[in-house]
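Please read these numbers as outputs of a predicted model, since none were measured by experiment. Here is the naming used below: chain letters follow the sequence lines, and residue numbers restart at 1 for every chain.
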Protein chains: 2
Amino acid sequence: MAAMPPLKPGQALALWHGVMVAALNRSLPDLTARQFALCLHVYQAPPPHTVRGLAATLNMSKPAVTRALDRLEGLEFLRRKADEADRRSILVQRTVKGSVFLREFADLAAEAARKLNNG
Amino acid sequence: MAAMPPLKPGQALALWHGVMVAALNRSLPDLTARQFALCLHVYQAPPPHTVRGLAATLNMSKPAVTRALDRLEGLEFLRRKADEADRRSILVQRTVKGSVFLREFADLAAEAARKLNNG
DNA sequence: TCGTCTCGTTACAGATGCGAAACGAATTCT
DNA sequence: AGAATTCGTTTCGCATCTGTAACGAGACGA
């Protein structure tokens, strides 16, 4: 991945504004901030992902993680898999549908960034 | 404002990931996506802002806008003002606290972008 | 084997979100 | 003046979020 261009605070606000308004108008499945962050984290950070680890990293309670996983698994954006090495744990895995969803969101963001320049 | 640098989809995801995780760990007042988009819109788009206009632009129902305003006014991030020209309408205005909040968020985003390069 | 710890989930109670519909107040039309 | 329209808000019923606490299942040391 190429280096991230420097981003000034004012540019960040304009970008967020464009993306969030665009997202609302496309009425994507409306995830809460926690649900979205959790989904994003599973796709962006290297595995393995467990409930306990996600709760710690994302500063959420374990039940909140469980419920977010329920929701995201219902949307087929993520999948639970038993951890064969320690059957108390589960491993949270990526899915095709989740990849597509995040890719669409990413394109939307890239497009919003482009529009900030070219109108 | 200087031109927005081009942003690739993969960079957008990495940026969103960094910002959302950082935001969760700072436990900012947790606004819903609609509340946050509404706040951002009032600060980024030129006034005047009415309930009806916000509802149309942000693809929300009018009651949802009213309730989001209640919440944001409670946090003192926004303020309602009577429209003297048409007393059926209200004008949504910016506040100092709201400016500070968004500035903090913007700094957090800029910092997240920086960290994606320099670790 | 028996206690203890850790894992994720479930049960509970409370807070908060949502849209549809009804509402009062202000404006505009006839 | 009186009717019709438009504004933001409120009410209603429902869905879903939250954290605390309790829980069963698996792992592990004594």
field: Qualifying residue, where the test is salt bridge (charged side-chain N to carboxylate O under 4.0 Å, His left out) with B:K97 and the options are B:E73, B:E104, B:E76
entry: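 Answer to the salt bridge (charged side-chain N to carboxylate O under 4.0 Å, His left out) test with B:K97 among B:E73, B:E104, B:E76: B:E76.
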Within less than 4.0 Å of OP1 or OP2 of [N], is there a side-chain N or O belonging to [X]?
X     : N      : value
A:R87 : C:dT6  : no
A:S89 : C:dC7  : no
B:T32 : C:dG17 : no
B:T66 : D:dG8  : no
B:R67 : C:dA15 : no
B:R52 : D:dC7  : yes
B:R80 : D:dT9  : yes
B:R88 : D:dT9  : no
B:Q35 : C:dG17 : yes

Between A:F105 and B:P9, is any pair of side-chain heavy atoms under 4.5 Å apart?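 Sidechains of B:P9 and A:F105: no contact.
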If you measure from the Lys or Arg side-chain nitrogens to the Asp or Glu carboxylate oxygens, is any gap between A:D107 and A:R103 under 4.0 Å?
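Salt bridge: yes.
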- Query: Rounded to whole angstrom units, what separation is found between the NZ atom of A:K62 and the P atom of D:dA22?
  - Reply: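 Going from NZ in A:K62 over to P in D:dA22 covers 14 Å.
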**Report entry** Closest-nucleotide ordering on DNA chain C, the 5'-leading residue of B:P63 and B:D86
**Finding:**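 The 5'-side residue here is B:P63.
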